[in-house]
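One structure below.
No experiment lies behind these values; they were computed from the predicted model shown. Index from 1, following the sequence.
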Amino acid sequence: MSSTPGSPTVVIGAGVVGAATAYALTGRGERVVLLEQHGRGHHFGSSHGATRIFRQGYADAEYVALTTRALRLWEALEAAAGEEIIVRTGAVDHGRPEVVDAIAAALADADIPHESLAPEQAAERWPGIAFEGHVLAHATAGRICSERAIEVFLTLAERTGLADLRFDTRVTALEDRGDTVVVSATGPDGTVSTEATRSVVAAAGSWVPTLVGALLTGRGVGLPAIRVTQEQPAHFPSRLPDEAWPSFVHWADGDDVYGLLTPGEGVKVGFHGTGPVVDPDHRDFSPVPAEAERLQAYVARYVPGVDATKPTFISCLYDNSPDEDFVVDRVGPLTVATGFSGHGFKFAPLLGEMLADLATGGAPHPRFTLPETVPAPAP
């Protein structure tokens, strides 16, 4: 790869954000080299598994607006792929009135159809869930076929002839040379390669702080404190037909809880952002026993439509920013994407467009920029 202005963009990471970025760039006629340290469709990061929630239920007007933009892009992706990627099950929020009412107000301001229900009404409609507090439903939500979504992004990018996808290829260094970055990587056969580019997108989620930290420091910039945690939701066997399950969020008095059906696997239920801090390269994939027991006790109380005694635990990473806002910005030839805090998947096609904008010289979204610059260290 040359360091001329026409060189390909190097995208690091083939999770949903990296895959969406490769798709967005190739859709603009840009050449892409995508480097992924694991195999295609691997289970080591934040994007694996068959389902994720799509919902518009934010109390923050800006995020509600972003969900609307993302939904249009998901629908465009479905049209391009000729397949359903978001299954419209609807979503239900319940629990603390101040949170649920704030979400309702934000949806109303955005003219997104929704309805408020008493817990008894909600229980009659969705008998698999025990509701409390205020209840809010909106029909534009559902579940994303997440494994298929990633594969669609990658396949459509490949079909353009502009994407070179390299799996089992680990990036070992990024060398800042001013207008270019030299990317060093080790391939599946142990061969070390170095590539120079004027545009590199680090979309490696939990690995981003280690990957880009030194380069950013050298330019007088730092990431916010990204805390990587191992989350341990579980699938529970359903006692009800598939169509009985909406996606749901419980704004509980303790930790917030999310849930959705994964057809063929059960109903996935998990606490949001409560897992232990881990090194993404050295983790045991096992639930903390006390937390596993706590999740089962929660499910036995609030999700009567499943068998709480038979969980199948799964493991994924959260790359948590201090305020749960995303970090999507560019410094010189480096574009950074991290801090998705367990709620980024639903925005994937929009994040891909944002990152493609940055990689080709566009401006960042002001909310997601890196912190204020700090003086660069003395040479």
Side-chain angles (χ1 to χ4, degrees), residues 15-16 37-38 41-53 55 93-96 99 128-130 132 143 146-147 204-210 223-238 245 247-262 264-324 338-346:
V16 72
Q37 64 179 324
H38 300 298
H42 68 85
H43 66 280
F44 296 103
S46 303
S47 295
H48 61 282
T51 56
R52 290 292 188 279
I53 292 177
R55 54 191 293 274
D93 292 80
H94 70 109
R96 302 197 306 276
V99 178
I129 304 168
E132 67 172 5
R143 62 174 179 265
S146 46
E147 287 178 338
S206 296
W207 285 267
V208 165
T210 301
L223 284 169
I226 301 297
R227 188 171 56 90
V228 177
T229 59
Q230 177 174 268
E231 303 300 323
Q232 298 290 170
H235 283 110
F236 295 87
S238 173
W245 293 104
S247 296
F248 58 93
V249 173
H250 183 188
W251 305 97
D253 287 334
D255 294 311
D256 300 325
V257 183
Y258 66 90
L260 72 162
L261 177 74
T262 301
E265 298 185 61
V267 177
K268 181 165 65 174
V269 184
F271 296 118
H272 174 65
T274 63
V277 174
V278 295
D279 178 335
D281 285 319
H282 301 93
R283 44 191 284 241
D284 60 12
F285 294 84
S286 298
V288 177
E291 288 299 283
E293 292 176 10
R294 190 166 73 96
L295 180 61
Q296 285 183 259
Y298 170 88
V299 169
R301 166 68 180 84
Y302 285 104
V303 194
V306 304
D307 184 346
T309 69
K310 297 179 180 178
T312 301
F313 283 95
I314 50 183
S315 176
C316 67
L317 295 175
Y318 274 20
D319 41 309
N320 303 279
S321 69
D323 55 8
E324 296 197 357
T338 189
F340 297 112
S341 306
H343 69 118
F345 201 112
K346 69 177 71 67

Is there a donor-acceptor pair closer than 3.5 Å between any side-chain N or O of [X] and the backbone N or O of [Y]?
X	Y	answer
Arg55	Lys346	no
His48	Ser315	yes
Thr229	Pro276	no
Thr262	Ala50	no
Ser341	Gly339	yes
His250	His94	no

Could you tell me whether the side chain of [Y] reaches within less than 4.5 Å of the side chain of [X], counting heavy atoms only?
X	Y	answer
Ile226	Val208	no
Gln37	Trp207	yes
Phe345	Ser146	yes
Tyr298	Val257	yes

Salt bridge (charged side-chain N to carboxylate O under 4.0 Å, His left out) contacts in which one or both residues fall within residues 288-302, not counting sequence neighbours: Asp255-Arg294, Glu291-Arg294
Interatomic distance, [X] atom [atom1] to [Y] atom [atom2] [nearest 0.5 angstrom]:
X	Y	atom1	atom2	value
Leu261	Ile53	CG	CD1	11.0 Å
Cys316	Gln232	SG	CD	8.0 Å
Gln296	Phe236	CD	CZ	5.5 Å
Arg52	His343	CZ	NE2	14.0 Å

Could I get the full list of salt bridge (charged side-chain N to carboxylate O under 4.0 Å, His left out) partners for [X], not counting sequence neighbours?
X	value
Asp319	none
Arg143	none
Arg96	Glu98, Asp256

Can you sort out the partners of Asp284 under side chain to side chain contact (heavy atoms under 4.5 Å, CB included), two or more places apart, ordered by chain and number? Gln230, Ser286
Take Thr312 and Glu265, measure what side chain to side chain contact (heavy atoms under 4.5 Å, CB included) needs, and give me the verdict at the end. CA-CA 9 Å; Thr312 301; Glu265 298 185 61; over 6 Å; no
Between [X] and [Y], which heavy-atom pair has the shortest distance, and what is it?
X	Y	value
Ala292	Pro287	CB-CB, 4.2 Å
Phe313	Ala234	CD2-CB, 3.6 Å
Ser206	Leu317	OG-CB, 3.6 Å
Asp281	Asp279	N-OD1, 2.8 Å

With side chain to side chain contact (heavy atoms under 4.5 Å, CB included) as the criterion, how do Trp245 and Ile129 come out once you've worked through the C-alpha distance, each side chain's angles and the decisive distance to 0.1 Å? CA-CA 9 Å; Trp245 293 104; Ile129 304 168; 4.0 Å; yes
Under 3.5 Å, side-chain donor or acceptor atoms of residues 266-274 against the rest of the protein: list the pairs with distances, not counting sequence neighbours.
residue, atom, partner, partner atom, Å
Lys268, NZ, Thr51, O, 3.1
His272, ND1, Tyr318, OH, 3.2
His272, NE2, Glu324, OE2, 3.4

